[in-house]
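Everything below concerns the one structure shown next.
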Amino acid sequence: MSTQETYKTKVKELLSSGKVKMVIGYKAGTTADRRRPHFMRTPEEVDQLVLDSACITNLSGYLLSEGLLSDGKEIAVFLKPDGIRSINILAAEAQLQSNQVVVLGFDINGSEISALQGERASDFQALTSSSNEARLHKQQHPESARLEQMTPAERFAYWEDAFSRCIKCYACRQACPMCYCRRCIVDNNQPQWVNTSSHTLGNFEWNIVRAFHLAGRCVECGNCGRACPVNIPLGLLNMKMTDEVLQSFNHYPGVSETQEPVLASFKKNDSETFIL
Amino acid sequence: MAKIGVFVCHCGENIAGKIDCKQLTAAMEQHPGVAVAFDYKYFCADPGQESVKKAIRDNNLTGVVMAACSPRMHEATFRKACAEAGLNPYLCEIANIREQCSWVHTDGEQATQKAVEITRSMVEKVKLNNNLQPIEVPVTRKALVIGGGIAGIQAALDIANAGREVVLVEREASLGGHMSQLSETFPTLDCSQCIMTPRMVEAAQHPKIKVLTYAEVESVDGYIGNFKVKVRMKSRFVDMHTCTGCGDCIIKCPIKKIPSEFDCAIGKRTAIYTPFAQAVPNTPVIDKANCTYFKTGKCKICAKICELNAINFDMQDEIIDFEIGAIVVATGFQVQDNSVYGEYGYGKYKDVINGLQFERFASASGPTAGKILRPSDGKEPETVVFIQCAGSRDAAKGVRYCSKICCMYTAKHAMLYAHKVHTGKAHIFYMDIRAAGKGYDEFTRRGIEEDETSYLRGRVSKVWEENGKLMVRGVDTLLGKPVVIAADMVVLATAMVPQPDAKDFAKVIGIGYDEYGFYNEAHLKLRPVESSTAGIFLAGACQSPKDIPDSVSQASAAASKVLALFSKEKLEREPVVATNNEATCAGCWGCVLACPYNAIDRKDIVDRSGKLIKRVASVNPGLCQGCGTCVTFCRSHSLDLAGFTEKQIFAEVMGL
Ligand SMILES: Cc1cc2nc3c(=O)[nH]c(=O)nc-3n(C[C@H](O)[C@H](O)[C@H](O)COP(=O)(O)OP(=O)(O)OC[C@H]3O[C@@H](n4cnc5c(N)ncnc54)[C@H](O)[C@@H]3O)c2cc1C
Ligand code: SF4
Ligand code: SF4
Ligand code: SF4
Ligand code: SF4
């Protein structure tokens with residue numbers, strides 16, 4: 001049986017037994033190579049489930065829809081390794097309880113997909129640790145390498161050009177599982193820290209704030225970049241932030257839910273003397 | 001309508017020498033919302049403050065900006081003046097045009113322009129300032145003194161004699177610190193033990209002092225007036241209450257060859273021991289690592305000999321909690337490890353010793369009963385070479401600073417040697433003789449003139465052994481000639497360094513330290529006994545190398561600070577605390593983790609039927625220290641700091 005079929009059976013079982021109240025997965029999208037989220041509450045809805053190499057979206061953010069988890073009932077969700085890491089982060093940041101989430105894990109290798117064994121995010125500790133290891137030794141992306149070679153002025157021009165396209169639709173924010181704030185800083189107009197008009201300053205402000213707020217939290221799932229209607233290479237920014245956090249603090253986001261948020265925690269034995 | 005007064009201070013020439021104060025005043029007069037602006041030579045002086053008060057009353061001002069020196073200097077002064085004129089003190093802000101402007105710029109015109117911007121930005125901020133009321137917190141009037149050397153004992157006695165309770169924590173088995181190891185003390189040559197022991201006894205018997213020896217501070221939480229301290233009582237294996245200190249157990253203990261820490265390894269001690277005969281308390285401790293019973297499960301000779309059954313091999317460490325209002329840190333120093341100086345042969349040749357070891361030889365109560373003897377053969381040395389600055393003032397191998405006491409104790413050592421070995425000859429290699437202090441220069445002169453100490457100005461390059469002598473090669477820079485002296489003993493005046501765990505311990509109690517590990521004072525000149533953490537004070541050699549008079553003075557100064565704090569029942573705290581906007585808080589608990597004072601709790605928001613709607617962060621204003629860490633952390637900007645609200649900061653930035 002294909003992975004998709006095995007999972008269909010499993011999902012039907014989860015729903016009909018009442019173990020979970022909902023399963024979040026994928027179904028066919030508007031074009032052949034696109035998938036859209038599929039929210040299944042009954043076994044009948046499972047027939048439309050699709051699980052293939054086009055299922056790249058990180059679905060974990062949907063768990064945080066207002067009120068969805070408040071009844072304490074369990075929900076199952078299809079997740080790749082990056083998605084599993086984002087569950088760990090959301091649990092660490094008290095946005096959900098990981099024992100309310102049944103992980104339906106899978107991974108994509110080229111055009112193939114394979115199932116990942118485990119039910120709770122914590123069952124995937126070996127996987128998240130090995131992806132930490134792999135990220136440490138990952139070769140630099142050629143575009144990143146090209147940017148690093150630039151002078152600061154050239155790099156500024158590059159981003160000025162990229163950000164000039166930003167229309168502040170905040171689709172990137174909407175797509176990111178970690179952008180769960182009820183009121184984002186850009187929606188705060190008392191005072192209006194981030195200029196909403198579309199000029200260089202405001203564009204930089206927003207995109208830098210977004211990158212900083214995701215530093216040490218971004219799982220590099222790519223949701224934001226794919227959501228951007230004007231193709232700003234947000235992934236490059238995320239990659240840079242991930243590199244920095246790895247180098248400076250040896251922190252890889254989402255390895256486990258007991259990991260302390262890197263920018264919120266401090267250690268009394270930090271070598272910096274300004275830390276009390 | 002805002003009615004802001006702007007007062008431009010010349011600070012003599014400090015500001016006016018660079019900044020055109022008239023031009024700055026004129027610019028401020030034009031600024032919207034400014035009702036009155038004038039300049040004056042010294043606003044901190046009485047007439048200056050009076051003119052500000054008058055301007056507040058005459059113009060009914062709603063805010064004041066003092067364009068002057070750093071707020072660290074005079075914010076309190078000017079806020080107090082405003083309060084006296086009936087204005088809420090938190091409606092007064094300082095525009096720092098001295099440290100941040102006139103002092104650091106050379107071009108007057110540009111500096112003036114910058115001063116205009118700095119002042120304007122504060123005017124914009126102050127327009128949004130609100131009345132704030134000070135927060136009152138109770139003060140626990142009990143002090144903790146950490147370290148039972150002379151500094152700690154002095155501080156404890158001063159506080160206790162003023163009627164306040166003190167907990168004195170010493171990690172060794174006895175009070176005393178380094179002073180109890182010394183022979184005689186410069187510049188008066190009185191016997192160290194003789195002046196120290198009564199102090200130790202007085203502290204131990206004082207009804208207001210709780211002395212905890214063989215104890216360590218495990219953690220310090222809380223804040224000024226309200227610290228929560230955990231102290232670990234290490235198990236001595238001897239019951240303090242039953243033991244009478246008869247010492248029978250010490251005599252009978254079969255393990256007798258342990259190098260005594262107190263005697264700097266010159267003497268030996270047993271496994272059950274008191275560090276020295278006059279120890280306070282005189283209850284022994286069992287050194288677990290060397291005790292036969294703990295190593296093999298057999299022995300217990302001490303337990304058998306003890307008629308009072310005071311020995312208990314099952315004793316466990318005990319943790320005691322204390323509520324404390326103020327802390328004096330008096331953890332002292334160590335002498336540097338000389339083995340870094342291979343060329344001096346310390347550790348290689350038995351007869352190369354350090355100053356502290358010399359003190360033990362010279363002590364009447366020491367292992368040689370006060371006789372100066374060579375460690376190698378026990379003979380009296382006929383020639384002794386003293387090497388000063390062995391570690392101090394040596395950026396390459398030692399420490400950059402001057403240890404301050406070595407010139408003096410070396411002079412003392414040479415003198416003591418001359419008094420004890422009449423035929424002996426003492427040579428001192430030195431860089432400079434630093435003898436600043438009451439009676440100090442007279443003391444070194446006496447050594448040279450009466451006791452014939454020979455001083456050679458220069459460094460020693462090598463010490464080696466030849467025919468049973470220690471050959472010391474150096475230069476006499478005054479004669480410009482190399483010298484070689486055949487000595488029987490070499491004494492290194494080793495640098496005074498911080499305790500090896502000083503940096504770690506600073507983190508436990510939450511104070512700052514310098515590159516070496518000496519504890520930082522809040523201000524080197526004006527607040528030398530306060531640490532930068534409110535309610536924690538410093539005394540003795542833990543702050544910098546010090547002799548006994550300096551350590552004692554600082555201890556008394558620290559005690560007076562503690563007593564001033566304890567003179568009131570309540571402490572007024574700045575109302576600069578964080579508040580949370582519960583509507584926008586996402587409950588991520590980042591702030592809870594980030595807050596260094598554990599001032600943020602989780603709070604449930606429930607509906608009318610008691611159903612949980614959400615959980616949000618909630619700041620305890622009693623604990624919050626207003627550091628702003630949480631504010632900078634919060635991604636949704638839900639947290640705000642009174643007196644530094646986002647709106648105020650934004651206005652300030654936009655005013656630039
Ligand atoms: C060789 C030599 C000769 C000297 N001769 C003279 C002299 O003749 N005249 C003179 O004025 N000065 C002399 N001094 C200097 C004198 O020793 C010091 O000024 C004095 O001892 C400083 O006292 P203190 O209490 O600050 O530190 P210390 O004497 O070092 O006492 C500190 C105490 O704190 C304890 N402690 C440390 N850490 C902790 C902790 N974490 N918890 C609990 N307890 C802790 C230690 O065990 C110790 O008992 C001499 C020094 C040396 C090295
Ligand atoms: S910032 Fe983008 S790549 Fe990173 S976790 Fe959010 S959506 Fe995924
Ligand atoms: S999705 Fe793209 S265009 Fe929209 S706000 Fe984000 S970066 Fe700007
Ligand atoms: S950091 Fe901000 S959003 Fe997070 S819990 Fe604290 S106040 Fe709420
Ligand atoms: S300002 Fe925030 S982080 Fe700082 S002490 Fe107060 S609550 Fe804690």
Side-chain angles (χ1 to χ4, degrees), chain A residues 64 66-67 69-72 89-97 173 176-195 201 205 208-218 257-276, chain B residues 128 219-220 503-515 517 520 531-533 536 581-597 600 602 611-617 625 627 629-630 632-638 640 645-654:
Chain A
L64 302 186
E66 189 82 35
L69 293 169
S70 59
D71 58 6
I89 294 173
L90 294 174
E93 295 180 358
Q95 300 305 304
L96 50 75
Q97 282 178 318
R173 179 182 81 186
C176 177
M178 261 60 79
C179 274
Y180 51 69
C181 283
R182 283 153 205 268
R183 183 203 61 184
C184 173
I185 156 112
V186 290
D187 301 330
N188 181 0
N189 55 10
Q190 287 287 340
Q192 185 81 59
W193 283 114
V194 178
N195 209 306
L201 180 65
E205 280 171 342
I208 289 173
V209 164
R210 193 203 63 84
F212 264 93
H213 281 190
L214 272 310
R217 305 168 68 234
C218 168
E257 69 170 278
T258 52
Q259 204 180 17
E260 284 192 340
V262 69
L263 296 188
S265 51
F266 69 98
K267 299 191 172 59
K268 282 200 172 164
N269 60 7
D270 194 292
S271 57
E272 297 290 351
T273 50
F274 65 83
I275 300 213
L276 286 182
Chain B
L128 296 172
S219 68
V220 173
K503 290 183 180 175
D504 292 334
F505 190 64
K507 287 167 189 160
V508 171
I509 50 181
I511 58 174
Y513 48 84
D514 68 12
E515 59 182 301
N520 280 344
S531 77
S532 46
T533 307
I536 305 187
N581 180 345
E582 293 175 352
T584 57
C585 171
C588 70
W589 311 142
C591 54
V592 176
L593 262 175
C595 175
Y597 301 96
I600 309 184
R602 299 165 171 86
K611 196 172 141 252
L612 182 72
I613 302 175
K614 66 170 187 169
R615 298 186 81 192
V616 294
Q625 300 292 300
C627 69
T629 307
C630 58
T632 51
F633 175 77
C634 179
R635 286 181 289 269
S636 66
H637 286 220
S638 298
D640 221 350
T645 62
E646 286 200 46
K647 280 190 199 169
Q648 286 172 304
I649 304 284
F650 192 78
E652 203 178 322
V653 174
M654 287 314 185

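Below, chain A is the first sequence line, B the second, and so on; all start at residue 1.
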Q: Check the surroundings of atom CD in Q97(A): do more than 12 heavy atoms from other residues, nucleotides or ligands lie under 6.0 Å from it?
A: no
Q: Against chain A, label K614(B) side chain, backbone, both or neither, depending on which of its atoms sit under 4.5 Å from a heavy atom there.
A: side chain
Q) What part of R210(A) gets closer than 4.5 Å to chain B, counting heavy atoms only: side chain, backbone, both or neither? A) neither
Q | R182(A) with D187(A): basic N within carboxylate O range, under 4.0 Å | A | no
(Q) Please determine whether a side-chain nitrogen of the Lys or Arg among E93(A) and R635(B) lies less than 4.0 Å from a carboxylate oxygen of the Asp or Glu. (A) yes
Q. Is a side-chain donor-acceptor pair under 3.5 Å present for S638(B) with T584(B)?
A. yes
**Q.** Q95(A) portion near chain B, given a 4.5 angstrom heavy-atom threshold
**A.** side chain
**Q.** Region of A651(B) in contact with chain A, defined by heavy-atom distances below 4.5 Å
**A.** neither
